[in-house]
Student: 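Here you go, one structure.
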Amino acid sequence: MSLHIYNTLTRSKQRFEPLVAGRVGMYVCGVTVYDHCHVGHARVMVAFDVIYRWLMQLGFDVSYVRNFTDVDDKIIRRANELNVDCKALTDEMISAFYTDMDALNCLRPTSEPRATEHMPEMIGMIEKLVDKGLAYVADNGDVAYAVRKFDGYGKLSGKKIDELESGSRVDVDEAKRDPLDFVLWKQAKPDEPAWDSPWGKGRPGWHIECSAMSCTQLGATFDIHGGGMDLKFPHHENEIAQSEGANGKPFAKVWVHNGFVNINQEKMSKSLGNFFTVCEVLKKFQPEVLRMFILGTHYRSPLDFSDQALETARHGLDRLYETKRRLASLCEEKGVRSEEHAYALRFANAMNDDFNTPEALAVLFDLARSINRALDQGEDVSGIAGDFGTLNGLLGITQQDAENWFQSDDDLDVALIESLIAERNEARKQRDFGRADAVREQLAQMNVILEDGPHGTSWKLK
RNA sequence: GGCAGGGUGGCCAAGUGGUAAGGCGGAGGUCUGCAAAACCUCCAUCGCGGGUUCGAUUCCCGCCCCUGCCUCCA
């Protein structure tokens, strides 16, 4: 089957056809860099990383753009709290962001624009909106978007302006002509970062940056726009209003939104304070475990976070690594090649069906079993072994050396372990199983599990 | 209140108009000195009630429950 993607705009799965044959433009809303990212952010990054990888696998030349919001109320507030300037804060957080993303094995997008580096584009777009009568300068000097002037407002989130208004709990800003209007440009306040503009010194509103940067880098109309579910409204709705209003052309063709990460069935979020940062999680689990955990659920479904769920993901990964380890010892001898692609085909069908990673993982597990079975029976696995590595790579898992995966720990005395194993094997040779078991028990105390195989004894950490 | 998305085995999680992938976990077995790993076998009728259909978990209607968005939020 060909690639089908669920489009929030049409609320249906549709066959994906790029605007320009062979090329895909994809914009994903990144993070506001005022704090470390948490598991919810990690999910977006991993979800779109997999999408990016799969699009490339399909042969598309992908322009993947993901922004950094580096000017914003929260950044200003946090910088003030820490008594540093905004730039220092955002630089630090961007660097931390990269540390996390690299650990999670997320490929770098082709472009990562920062809001502060695109002031002229934003200002230009706001000017266009003002010229067209879609935006106005309010009494307090802010520039606001007149939502009711834009016809399609609400088409993405399925909201109707009047219903929004009745349910609105927004504090009514007196300067706005309509409570739903949103700010494009804010007048500068003392001691805040500010830029010159036709409306005086100020800074952009949140939504305009994504419109300006996506259109600048990908054109007025592009293929895919993504982000977390919570950005659907108002952020993405406003982006549409801005971009289509200014350009007079359709904005993104396909809208992709990933589901939340929950804790105890409740959304993980900064405001609820129930979040875990990526680096916290990585203190307890290897990065691939987090990635595996995320891939185990379809990107649009809610994902419940818990240590137990991570533990389960780790065990699943162990299983794949066991197969990788067996193949690794094999490859050293004669190498493997791939001839038969039944599994690769199943995998492709899964991924083409709206990036169904749980299904794709199931294929991987089936493939692992098939390889193990063949290996157990001494059969040739050269026909399918190559695919195992390839498919794992497409999901970005099982990328470490297998031996290392099972044995990695910071303070591990490998020499001691190996001498104990030698000691035990000597005992086994003497058929002194009491002593052999005692040594094994001693190793078990160190969390070391032994596996006696035809080619000797291997070990791993519990 | 409006809108959106869900309720599948002990847990997690896919999926399909013709009696349900995969992972974790559990039970038994093969292998092993014993283990471990691997392999084999087994462990669900899909929230409730109707309807359409030869046949529904999958389509329709009603109900119950959960979550999210409607405010900054991935």
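Protein chains get the first letters and strands the later ones, always in sequence-line order, with residue 1 at the start of each. Because the structure is a prediction, the values reported are computed rather than measured.
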Student: Classify the side-chain pair A:E209/A:T69 by whether it contains a donor and acceptor separated by less than 3.5 Å.
Tutor: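 Side-chain D/A pair, A:E209 to A:T69: present.
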Student: Is the Lys NZ or Arg CZ of A:R300 less than 6.0 Å from the centre of A:Y6's six-membered ring, within 45° of the axis?
Tutor: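 Yes.
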Student: At less than 3.5 Å, do the side-chain atoms of A:R373 and the base atoms of B:C40 form a donor-acceptor pair?
Tutor: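 Side chain to base: no pair below 3.5 Å.
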Student: Taking the P atom in each of B:C60 and B:G7, what is the distance between them to the nearest angstrom?
Tutor: 15 Å
Student: Base, sugar-phosphate, or nothing: which does A:R66 touch, judged by heavy atoms less than 4.0 Å apart?
Tutor: nothing
Student: When you compare the side chain of A:R424 with that of A:D452, does any pair of heavy atoms fall below 4.5 Å?
Tutor: yes
Student: Between B:U67 and B:C12, how far apart are the P atoms? Round to whole Å, please.
Tutor: 15 Å
Student: Using atom P of each nucleotide, how far apart are B:U71 and B:A14 to the nearest Å?
Tutor: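 Here B:U71 and B:A14 have their P atoms 30 Å from each other.
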Student: How far does the C1' atom of B:C40 sit from the matching atom of B:C31, given to the nearest Å?
Tutor: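 That atom pair is separated by 11 Å.
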Student: What's the closest nucleotide to the A:V44 side chain, out of B:A13, B:G15, B:A74?
Tutor: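 Nearest to the side-chain atoms of A:V44, counting from C-beta on, is B:A74.
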Student: Taking the C1' atom in each of B:G6 and B:U58, what is the distance between them to the nearest angstrom?
Tutor: 15 Å
Student: Is A:D73 salt-bridged to A:K189, cutoff N-O under 4.0 Å?
Tutor: no
Student: For A:K160, report the nucleic acid contact type (base, sugar-phosphate, nothing); a contact means any heavy atom under 4.0 Å.
Tutor: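 No contact at all - A:K160 keeps every heavy atom at 4.0 Å or more from the nucleic acid.
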Student: Less than 4.0 Å between a side-chain N and a carboxylate O, is that true for A:R114 and A:D70?
Tutor: no
Student: Does A:K460 make a cation-pi contact with A:Y321 (under 6.0 Å, within 45 degrees of the axis)?
Tutor: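 Ring-cation test returns no.
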Student: Write down the distance separating the P atoms in B:C59 and B:U16, rounded off to the nearest Å.
Tutor: 10 Å
Student: Remember a base hit wins even if backbone is also touched, and classify A:L450 as base, sugar-phosphate or nothing at under 4.0 Å, heavy atoms.
Tutor: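 Answer is base: heavy atoms of A:L450 come under 4.0 Å of a base.
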Student: Write down the distance separating the P atoms in B:C48 and B:U57, rounded off to the nearest Å.
Tutor: 10 Å
Student: If you measure from the Lys or Arg side-chain nitrogens to the Asp or Glu carboxylate oxygens, is any gap between A:R108 and A:D102 under 4.0 Å?
Tutor: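 Salt bridge present between A:R108 and A:D102.
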Student: Are side-chain N/O atoms of A:N80 and A:R77 paired as donor and acceptor at under 3.5 Å?
Tutor: no
Student: Can a side-chain donor-acceptor contact be found between A:E239 and A:Y27 if the only test is distance below 3.5 angstrom?
Tutor: no
Student: For RNA chain B, what are the stems built from at least three Watson-Crick or G-U pairs in a row, each pair having both distances below 3.5 Å?
Tutor: B:1-7 with B:64-70, B:10-12 with B:22-24, B:25-30 with B:38-43, B:47-51 with B:59-63
Student: Do A:D376 side-chain and B:C40 base share a donor-acceptor contact under 3.5 Å?
Tutor: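 Such a pair does not exist between side chain and base.
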Student: Under 4.0 Å between any heavy atoms, over every strand shown, what does A:K267 touch: base, sugar-phosphate, or nothing? Just pick one.
Tutor: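 Base, at least one base atom sits under 4.0 Å.
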Student: Answer with base, sugar-phosphate or nothing: what part of the nucleic acid does A:E322 contact at a heavy-atom distance below 4.0 Å?
Tutor: sugar-phosphate
Student: Which whole-number value in Å describes the distance from A:K159 NZ to B:G5 P?
Tutor: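 Atom NZ in A:K159 sits about 12 Å away from atom P in B:G5.
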Student: Nearest of B:G22, B:A14, B:G33 to any side-chain atom of A:A436?
Tutor: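 For the A:A436 side chain, the nearest candidate turns out to be B:G33.
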Student: Below 3.5 Å, does any donor atom in the side chain of A:R319 face an acceptor in the base of B:G23, or the other way round?
Tutor: no
Student: With nearest nucleotide decided by heavy atoms, which residue, A:L317 or A:V39, maps closer to the 5′ end of RNA chain B?
Tutor: A:L317
Student: Given B:C24, B:C34, B:A21, which nucleotide is nearest the side-chain atoms of A:T312?
Tutor: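 My answer, after comparing the listed nucleotides, is B:C24.
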Student: Looking at every strand, decide which applies to A:G453 at a 4.0 Å heavy-atom threshold: base, sugar-phosphate, or nothing.
Tutor: nothing
Student: Within the supplied structure, the quantity of interest is the number of heavy atoms (other residues, nucleotides, ligands) at a distance under 6.0 Å from A:Q308 CD; does it exceed 12?
Tutor: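 No, CD of A:Q308 has 12 or fewer neighbouring heavy atoms, counting only those of other groups under 6.0 Å.
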Student: Tell me whether the side-chain N or O atoms of A:D437 pair up with the base of B:G33 as donor and acceptor below 3.5 Å, since no angle test is needed here.
Tutor: yes
Student: Among residues 303-311 of chain A, which ones have heavy-atom contacts with RNA chain B below 4.0 Å?
Tutor: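 Residues of residues 303-311 of chain A that come under 4.0 Å of RNA chain B do not exist, since none gets that close.
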Student: Using heavy atoms to find the nearest nucleotide of RNA chain B for A:Y6 and A:G227 separately, return the residue whose nucleotide is more 5′.
Tutor: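 Nearest-nucleotide comparison on RNA chain B picks A:Y6.
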Student: Ion pair present between A:R326 and A:D376, side-chain N to carboxylate O less than 4.0 angstrom?
Tutor: yes
Student: Just call it for A:N258: base, sugar-phosphate, or nothing, with non-hydrogen atoms closer than 4.0 Å on any strand.
Tutor: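 Touches a base.
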Student: When the C1' atoms of B:C46 and B:G15 are considered, how many whole Å apart are they?
Tutor: 11 Å
Student: So for A:R440 and B:G33, does any side-chain atom that can act as donor or acceptor lie under 3.5 Å from a complementary atom in the base?
Tutor: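 Looking at the base of B:G33, it does not pair with any donor or acceptor on the side chain of A:R440 (distance under 3.5 Å).
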